[in-house]
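Beneath this line is the structure, given in structure tokens, with notes to follow.
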Amino acid sequence: MKNFLAIMALVLICGCSRESELHNELAGKKSGEVTLPKGDFSISQPILIEGADGLTVRGAGTRIRMNFDGPAAIVIRTSKGVRLEDFTLLGNRAAGEKKFGLPPADAPMAKWNSNNGILVEDSSDLLLSKLTIREVSGYAILISKSNDATVRDVFVGDSGSLNEMGKNNATGGILFEEGCQRFAAEQCKLRNIRGNGIWTHSLYTSPRNRDGRFEGNEIRYAGRDALQAGHATGMKIAGNSGGFIGFPPEIVDLATGAVPVAIDTAGNVENSEYSANRFEEVNGKCMDLDGFHDGAVRQNQCTNSRAADAYPHGHYGIVLNNSNPDMESKGIQIVSNVMEGFRFGGLFLIGGPHVVRDNVFRNLNLAHCNENPAAGCLYKPDEPDLLRTGVYLGNGAHRPSPAKGNVVENNEVQGYQMTTRCVGYAPGVDKAANTVRNNRCSG
């Protein structure tokens with residue numbers, strides 16, 4: 001035992017004593033290439049890159065451990081052309097977690113969340129590639145008010161923290177916020193993220209994020225959303241995959257309405273496309289289109305293969321909403337998607353005109369609403385069919401917006417009592433104002 005403690009003390013001393021070596025490699029460097037030394041480094045202050053122009057920092061078997069409380073292990077500010085490549089970054093989550101909630105409505109994440117892995121502010125032409133980031137309390141990568149930033153082939157694991165109630169506070173993954181433009185997260189893998197996987201966010205008073213891409217990423221075990229387009233325009237979310245979204249169930253933050261979603265939307269999102277994404281085991285919704293308009297949702301698939309009690313926070317397959325006052329739910333193409341094994345219905349539709357065509361909604365109403373009182377299906381007692389219908393044309397969500405001018409055709413709807421509850425209408429929705437035809441319904 002004494003020998004073991006002596007060896008561990010020596011490792012810590014060596015890691016700490018090498019911190020100056022690491023900082024010296026980067027001291028005063030604004031451009032050119034830097035190859036970091038091989039080995040383990042424990043840092044007691046942030047590695048700051050500020051005012052750089054054309055700087056590449058490359059690892060060579062380098063592992064950096066964050067051993068302090070601060071904004072991030074690596075902070076990049078007012079720089080352009082920075083490249084970080086091929087090293088491992090370990091956060092300080094294991095040293096003692098601090099519990100905190102979501103920021104107030106007027107606070108950006110970059111100003112609220114500390115102990116991030118990499119924080120980027122007011123920068124451009126950035127590439128983060130072939131990095132491994134683990135055990136971070138805040139965000140693995142947080143990019144704020146920056147343009148032309150790409151995160152590629154990055155692994156993020158075991159990250160994020162909890163609030164005072166022991167629920168997730170959205171942290172752990174990769175975030176672009178506050179009006180980022182021309183950004184991308186591609187070919188990244190995320191595992192065991194307590195909050196959101198990859199997402200965008202901006203304050204209501206800030207510019208929307210613009211022209212972003214989330215492509216070819218894989219997210220498994222996330223407590224909140226796998227992917228989210230928040231307050232954005234021109235988003236492409238395509239070819240992503242994953243599973244076990246909303247797991248573990250005990251950290252899901254229902255108090256703030258954060259039902260887990262494979263692909264979520266928030267704020268005002270237009271001219272965007274969600275296509276060819278594949279998820280399994282979603283303890284929530286497959287897609288939440290709250291704020292989504294004038295865009296396309298094509299060839300996505302969410303498959304749940306277990307019984308209803310495996311998804312305590314289970315919901316509809318696809319839900320439309322209109323909580324942002326600057327948008328109306330209109331102009332959405334919902335085509336050739338497969339939603340299988342959801343607790344309630346397949347599609348909740350408001351507004352219009354939308355096109356809902358050639359979709360498969362299979363194994364619906366796992367909760368057996370409303371014959372199963374324990375499932376809590378009578379969310380709105382005046383609309384008993386709301387949660388037990390395959391495709392439900394509603395009269396509004398956050399705001400009134402009766403389904404009108406929609407085409408619902410050539411869809412397959414199958415599940416518990418779907419022969420009689422295939423397509424339904426909320427009170428106040430004019431059936432004649434919508435075209436519903438050639439749908440195949442079976443129990």
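Glu281 and Ser305 are linked by a side-chain donor-acceptor pair at a separation below 3.5 angstrom, with hydrogens and angles left out of the test. Side chains of Asp326 and Asn268: a donor-acceptor N/O pair is absent below 3.5 angstrom, by distance only. Ser144 and Glu177 form a side-chain donor-acceptor contact under 3.5 Å, judged by distance and modelled atom types alone. With no hydrogens or angles considered, a side-chain donor-acceptor pair links Glu19 and Ser44 at under 3.5 Å.
The pair Arg421-Glu371 meets the salt-bridge criterion, since a charged nitrogen lies less than 4.0 angstrom from a carboxylate oxygen. A salt bridge links Glu135 and Arg65; the closest N-O separation between the charged side-chain nitrogens and carboxylate oxygens is under 4.0 Å. A salt bridge does not link Lys330 to Glu328: none of the charged nitrogens lies less than 4.0 Å from a carboxylate oxygen. With respect to the salt-bridge test (charged N to carboxylate O, under 4.0 angstrom), the residues Glu270 and Arg208 qualify. A salt bridge is defined here as a Lys NZ or Arg NE, NH1 or NH2 lying under 4.0 Å from an Asp or Glu carboxylate O, and Lys285 with Asp290 fails to meet this definition. The pair Glu178-Lys145 does not count as a salt bridge, with every side-chain nitrogen at least 4.0 angstrom from each carboxylate oxygen. Residues Asp153 and Lys130 are not paired through a salt bridge, judged by the lack of any N-O separation under 4.0 Å between the basic side chain and the carboxylate. Taking a cutoff of 4.0 Å between a charged side-chain nitrogen and a carboxylate oxygen, Asp211 and Arg182 do not qualify as a salt bridge.
Summarising the geometry, atom OG1 belonging to Thr233 is positioned 10.5 Å from atom NE2 belonging to His231; distances are rounded to the nearest 0.5 Å. Distance SG/Cys422 to CD/Glu412: 10.0 Å, rounded to 0.5 Å. For the atom pair CG of Asn372 and CG of Leu366, the computed distance is 11.5 Å after rounding to the nearest 0.5 Å. For the atom pair CD1 of Ile174 and CZ of Phe183, the computed distance is 12.0 Å after rounding to the nearest 0.5 Å. Remark: Asn300 CG to Asn277 CG distance equals 4.5 Å, nearest 0.5 Å. Note that the CG atom of Leu162 and the CZ atom of Phe100 stand 9.0 Å from one another [nearest 0.5 Å].
Taking a 6.0 Å sphere around CZ of Arg210, one finds it holds 12 or fewer heavy atoms contributed by other residues, nucleotides or ligands. More than 12 heavy-atom neighbours from other residues, nucleotides or ligands sit within 6.0 angstrom of CZ on Phe244.
If you run side-chain hydrogen bond (donor to acceptor under 3.5 Å, both in side chains) between Arg224 and each of Asp264, Asn168, Asn169, only Asn168 comes through. Under the side-chain contact (heavy atoms from CB on, under 4.5 Å) test applied with Gln228, the options Asn196, Val261, Leu175 reduce to a single match, Asn196.
Shown here are the salt bridge (charged side-chain N to carboxylate O under 4.0 Å, His left out) partners of Asp385, two or more places apart in sequence or in another chain: Arg388. Partners of Phe279 under the ring pair (Phe, Tyr, Trp, His ring centres under 6.0 Å) rule, at least two apart in sequence or in another chain, do not exist in this structure. In this structure Asn363 satisfies the side chain to side chain donor-acceptor pair (under 3.5 Å) test with no other residue, sequence neighbours excluded. Remark: Glu273 pairs with no residue by the salt bridge (charged side-chain N to carboxylate O under 4.0 Å, His left out) rule, at least two apart or across chains. Considering only residues two or more places apart in sequence or on other chains, Glu280 meets the side chain to side chain donor-acceptor pair (under 3.5 Å) condition with Arg220. In this structure, Arg298 has no side chain to side chain donor-acceptor pair (under 3.5 Å) partners at least two apart in sequence or on a different chain. Applying the salt bridge (charged side-chain N to carboxylate O under 4.0 Å, His left out) criterion to Lys380, with sequence neighbours excluded, gives Glu383. Take His315 and apply the ring pair (Phe, Tyr, Trp, His ring centres under 6.0 Å) test, not counting sequence neighbours, and it matches Phe344. Residues that satisfy the ring pair (Phe, Tyr, Trp, His ring centres under 6.0 Å) test with Phe214, not counting sequence neighbours, are absent from this structure. With sequence neighbours excluded, the residues satisfying side-chain contact (heavy atoms from CB on, under 4.5 Å) with Cys286 are Cys302, Met339, Phe342. Remark: Arg134 pairs with Asp158 by the side chain to side chain donor-acceptor pair (under 3.5 Å) rule, at least two apart or across chains.
Under a 3.5 Å cut-off, the side chain of Thr171 and the backbone N or O of Ser161 do form a donor-acceptor pair. Between the side chain of Ser129 and the backbone N or O of Arg152, no donor-acceptor pair lies under 3.5 Å. When atom types are taken as modelled, the side chain of Asn395 and the backbone of Pro402 share no donor-acceptor pair closer than 3.5 angstrom. At least one donor-acceptor pair under 3.5 Å links the side chain of Arg93 to the backbone N or O of Gly160. Side-chain N or O atoms of Asn116 include none that pairs as donor or acceptor with a backbone N or O of Leu142 at under 3.5 Å. In this structure a side-chain-to-backbone donor-acceptor pair under 3.5 Å is missing from Arg362 to Val338. The backbone N or O of Asn240 lies less than 3.5 Å from no partner atom in the side chain of Asn217, so there is not a single donor-acceptor pair. Ser123 contributes a side-chain N or O that, together with a main-chain N or O of Ser79, makes up a donor-acceptor pair within less than 3.5 Å. Under the 3.5 Å distance criterion, the side-chain polar atoms of Ser202 are matched with a main-chain donor or acceptor of Gly179. Panel note: side chain Asn115, backbone Pro71; no donor-acceptor pair is recorded below 3.5 Å.
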task = Tell me, with the steps shown, if Val156 and Ile193 meet side chain to side chain contact (heavy atoms under 4.5 Å, CB included).
result = CA-CA 8 Å; Val156 179; Ile193 306 302; 3.7 Å; yes
*Derivation of the side chain to side chain contact (heavy atoms under 4.5 Å, CB included) call for Ile133 and Ile118*: CA-CA 9 Å; Ile133 305 174; Ile118 299 172; 4.1 Å; yes
| request: Run the numbers on Lys99 and Glu164 for salt bridge (charged side-chain N to carboxylate O under 4.0 Å, His left out), then give the verdict. | output: CA-CA 5 Å; Lys99 296 185 181 296; Glu164 293 82 356; over 6 Å; no
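Using a 4.5 Å cut-off on side-chain heavy atoms (C-beta onward), Thr389 and Val423 make no contact. For the pair Thr265 and His293, the minimum side-chain heavy-atom distance is 4.5 Å or more. Side-chain contact between Asn67 and Asn92: absent, with no pair of heavy atoms (C-beta onward) separated by less than 4.5 Å. Two residues are said to be in side-chain contact when any heavy atoms from C-beta on lie closer than 4.5 Å; Trp199 and Asp225 fail this criterion.
Aromatic pair Tyr316/Tyr392: centroids not less than 6.0 angstrom apart.
Legend: salt bridge (charged side-chain N to carboxylate O under 4.0 Å, His left out) pairs involving residues 68-77, not counting sequence neighbours, sorted by first then second residue: Asp69-Lys98, Arg77-Glu121.
Using a 30° and 60° split on the angle between ring planes, Phe292 and Tyr274 fall in the tilted class, from 30° to 60°.
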